[in-house]
Amino acid sequence: MKIAVSYLKSKNTQEETIKKIEQTSADFIHVDLMDGKFVEKNNIDLKLLAKLLKNTSKKLDLHLMTQDVEPYLEELKKLNPEYITFHIESSCNVEKTIKQIKTSNIKVGIALKPNSQIDLLKPYLTELDQILIMSVEPGRGGQSFMPQIIPKLEEIRSLQKRYHFQINIDGGINEETIKQVKDHVDIIVSGSFICEAENYEKQIEKLRK
């Protein structure tokens, strides 16, 4: 199981948080991008993002919580991310967006809100490298894990046997809630559990146990 660290909610500045993540064994930096339309918060500043991530050696897992996706893709591709993930509930043309991301040899993911149905993803399963299941409502760090998503994880895991995507989960993951999901996922996103602690690596080790 791989670990992606989100710096959305931290006791340190973004610059300090990213530097601290760099010093850990985390597999990815998870970057949450919000437009003020799909979710209330707006934090998209692509110039600032490029500056923040300029010297990172960690792989980047970009998560677009945006109503539109296409306007951001060209700039985000310049970051050379491992994954660009967008929401199935956005207003984008899903097939077109998948192709746009893949033309740059970037892996593509689709995210699913807690109350959205897996059937929405089924037309695209052969094309996906990652499915991101939200275990909180998107847009705000520090929320509590929603255990009602576990049957969804189990269903996605059963579908995975016929395809080649990774399963990622994001929202409320800590040393307790990870016990409920670790058998069903390949990647976990953890934010405040790690970034509001003094010792990031110690928190990551708790998740890896």
- Task: Determine, using the 4.5 Å side-chain heavy-atom cutoff (strictly less than), whether F193 and I149 are members of one ILVMFWY cluster.
- Result: yes
- Among N43, L33, I44, which residue meets the side-chain contact (heavy atoms from CB on, under 4.5 Å) test with L49? L33
- Hey, mind stepping through I101 and Y83 against side chain to side chain contact (heavy atoms under 4.5 Å, CB included) and telling me if it holds? CA-CA 9 Å; I101 295 170; Y83 293 100; over 6 Å; no
- Would a 4.5 Å heavy-atom cut-off, applied to side chains only, mark I169 and L153 as touching? yes
- Query: Could K11 and E198 be called an ion pair, given the rule that one side-chain N must be under 4.0 Å from one carboxylate O?
  - Reply: yes
- Close side-chain approach of E137 to Q143, heavy-atom, < 4.5 Å: yes
- Report whether I167 and M134 are members of the same hydrophobic cluster (ILVMFWY, side-chain heavy atoms less than 4.5 Å apart, transitive linking). no
- Query: Cut-off 3.5 Å, side chains only: do E89 and S116 have a donor facing an acceptor?
  - Reply: yes
- Task: Begin with the C-alpha distance, continue with both residues' side-chain angles, and end with the deciding distance and a verdict on side chain to side chain contact (heavy atoms under 4.5 Å, CB included) for V185 and N168.
- Result: CA-CA 6 Å; V185 300; N168 193 343; over 6 Å; no
- Task: Start with the C-alpha distance between V31 and L53, add both sets of side-chain angles, then the distance that settles side chain to side chain contact (heavy atoms under 4.5 Å, CB included), and finish with yes or no.
- Result: CA-CA 10 Å; V31 182; L53 299 173; 4.0 Å; yes
- Task: Using a strict 4.0 Å threshold on nitrogen-to-oxygen distance, state whether K96 and E70 make a salt bridge.
- Result: yes
- Note on the structure: Result for side-chain hydrogen bond (donor to acceptor under 3.5 Å, both in side chains) between S6 and one of D32, D61, D170 points to D32
- Query: Side-chain contact, heavy-atom cut-off 4.5 Å: I29 with Y7?
  - Reply: yes
- Say whether N55 and E22, considering side chains only, have a donor N or O and an acceptor N or O under 3.5 Å apart. no
- Item | Gap separating the CD atom of E82 from the NZ atom of K59, nearest 0.5 angstrom | 4.5 Å
- Query: Are Q180 and T177 linked by a side-chain donor-acceptor pair shorter than 3.5 Å?
  - Reply: no
- What do the steps show when you test K77 against E74 for salt bridge (charged side-chain N to carboxylate O under 4.0 Å, His left out), and what is the final call? CA-CA 5 Å; K77 287 176 183 180; E74 290 309 310; 3.3 Å; yes
- Message: Using a strict threshold of under 4.0 Å (side-chain N to carboxylate O), is an ion pair present between D129 and K102?
- Response: yes
- Should E205 and K202 be marked as a salt bridge (charged side-chain N to carboxylate O under 4.0 Å, His left out) after you check the CA-CA gap, both sets of side-chain angles, and the distance that decides it? CA-CA 5 Å; E205 288 172 2; K202 186 176 180 180; over 6 Å; no
- Query: For the hydrophobic clusters of this structure (ILVMFWY residues joined by side-chain heavy atoms under 4.5 Å, transitively), does one cluster hold both L62 and V108?
  - Reply: yes
- Task: Consider only side-chain N and O atoms of Q203 and K206, and report whether a donor and an acceptor are under 3.5 Å apart.
- Result: yes
- Task: Walk me through it: do E16 and T13 pass the test side-chain hydrogen bond (donor to acceptor under 3.5 Å, both in side chains)?
- Result: CA-CA 5 Å; E16 292 168 337; T13 67; 3.3 Å; yes
- Could you tell me whether E75 and K78 have a side-chain N and a carboxylate O separated by less than 4.0 Å? yes
- In sequence, state the C-alpha distance, the side-chain angles, and the governing distance for T85 and Q130, and then conclude on side chain to side chain contact (heavy atoms under 4.5 Å, CB included). CA-CA 8 Å; T85 296; Q130 173 170 266; 2.9 Å; yes
